[in-house]
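Just below is one structure, and these are the notes that go with it.
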2 protein chains.
Amino acid sequence: MDIVQQIRDKGLKATPARQLVYAELTRSHMAYSHAELEALFLDIDRVTLYRILKDFEDAGLVHKVFDTQGSTRFAICHHTCPGKHHAENHVHFNCNDCGRMFCLQAVQTPEINIPGGFRVAGMHTLIYGSCEKCNQLTDKNEPTDKIQEVIV
Amino acid sequence: MDIVQQIRDKGLKATPARQLVYAELTRSHMAYSHAELEALFLDIDRVTLYRILKDFEDAGLVHKVFDTQGSTRFAICHHTCPGKHHAENHVHFNCNDCGRMFCLQAVQTPEINIPGGFRVAGMHTLIYGSCEKCNQLTDKNEPTDKIQEVIV
DNA sequence: AAGTAAATGCAACAATGTTGCGTTTAAGAT
DNA sequence: ATCTTAAACGCAACATTGTTGCATTTACTT
């Protein structure tokens, strides 16, 4: 479906900045930090970017996650989320080397039993290690200048 | 073992502030935010508290975790951690109502297989919902050991 | 093409965390 | 017990991340 239409369907105006952000999130399926997006779209105002991400989250277009450093990241919603209450129950992967964060859509969060009087509402599963690209670099001793493609 | 000695064994001086913080973390087995500790120990300087927590973490006395809001929290290490490289592989529980965070020492993070070229180094498992105390406030007839389905 | 609510840009503020530096103190040595 | 000194502390200043108020601009409806 058209990106413009997807944004409008959530009751939001499809401004140029919103189209750029949404297109990038849709294209890459990565969880971006605010800093990464800011670097990618230099002409989008800092505050506007915060508001776009907040609006997208409230609209159910993107979901917010935290990486191993506790930094906020945003990724596209794969299932149609009904507004603020997201149903993203997949696992995320955070690369220790390049810092990028991946949505593993195919991997569901596992079932887990916990003792005591806790009432479970949901869970977050964050796996960390090295992504494929960083694996290959260290394993095969490739020159580091090939990393420049990697967004930190 | 004596709290003073445990701190000294890590090469740190057992100052009054450090003893207070370490004693509280040991006593409660909860993961405290900086704000919670600051409120608890009003006479410990803000910066000193940051440094105490950092020193404890580097020494392997406490481990750092993030709650569902992405806020930093610190909890006592149950296993003897060899310095900065922690081996805390248990599950954490964050109460949506009171905001407190619990270390579920008895619950290990589950095994999980992920596709692709990812090399897994570890994982964080954060479960959220209502803690026993908050449960009891809203509904009194919930069996405490009942295991609920994990949804997200 | 015009009207209007929504979105933007800017400045200021707030929360959280870090750094530099002079002073104080814990803990081993005398 | 006192001395010595590296470690720890307290304070101020700075850095980063995120929020709010408000005047201006723009997307979308009619």
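Every chain is numbered from 1, with letters handed out A, B, ... down the list of sequences.
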How would you list, by chain and number, every residue that makes a side chain to side chain contact (heavy atoms under 4.5 Å, CB included) with A:D2, sequence neighbours excluded? A:V4, A:Q5
How are the rings of A:H63 and A:H92 set relative to one another: parallel (under 30°), tilted (30 to 60°) or perpendicular (over 60°)? tilted
Can you sort out the partners of A:F74 under ring pair (Phe, Tyr, Trp, His ring centres under 6.0 Å), two or more places apart, ordered by chain and number? none
Residues clustering with B:L126 (ILVMFWY side chains joined when closer than 4.5 Å, directly or via others): B:V65, B:M101
Report the residues that fulfil ring pair (Phe, Tyr, Trp, His ring centres under 6.0 Å) with A:F93, sequence neighbours left out, ordered by chain and then residue number. B:F118
B:R100: salt bridge (charged side-chain N to carboxylate O under 4.0 Å, His left out) partners, not counting sequence neighbours: none
Presence of salt bridge, B:K10 and B:D55, under 4.0 angstrom: no
Could you run down nucleotides 25-30 of chain D 5' to 3' and tag each one B, S or - for protein heavy-atom contact under 4.0 Å? -BBS--
How bent is the helix from C:dA1-D:dT30 to C:dT30-D:dA1, comparing axes over its five end pairs at each side, to the nearest 10°? 30°
Among residues 42-49 of chain B, which contact DNA chain C at a heavy-atom distance under 4.0 Å? B:R46, B:V47
According to side-chain hydrogen bond (donor to acceptor under 3.5 Å, both in side chains), who are the partners of A:S71, at least two apart in sequence or on a separate chain? none
With heavy atoms of chain B within less than 4.0 Å as the criterion, where does contact along DNA chain C begin and end? C:dT16 to C:dA27
Per-pair distances, 0.1 Å, donor-acceptor, side chain in residues 38-45 of chain B, under 3.5 Å, sequence neighbours excluded:
{"residue": "B:E38", "atom": "OE1", "partner": "B:H34", "partner atom": "ND1", "Å": "3.1"}
{"residue": "B:D45", "atom": "OD2", "partner": "B:V47", "partner atom": "N", "Å": "3.0"}
{"residue": "B:D45", "atom": "OD2", "partner": "B:T48", "partner atom": "N", "Å": "3.4"}

Using the side-chain hydrogen bond (donor to acceptor under 3.5 Å, both in side chains) criterion, which residues pair with B:Y50? Sequence neighbours excluded. none
Which part of the nucleic acid, if any, lies within reach of A:S71 when heavy atoms closer than 4.0 Å are counted: base, sugar-phosphate only, or nothing? nothing
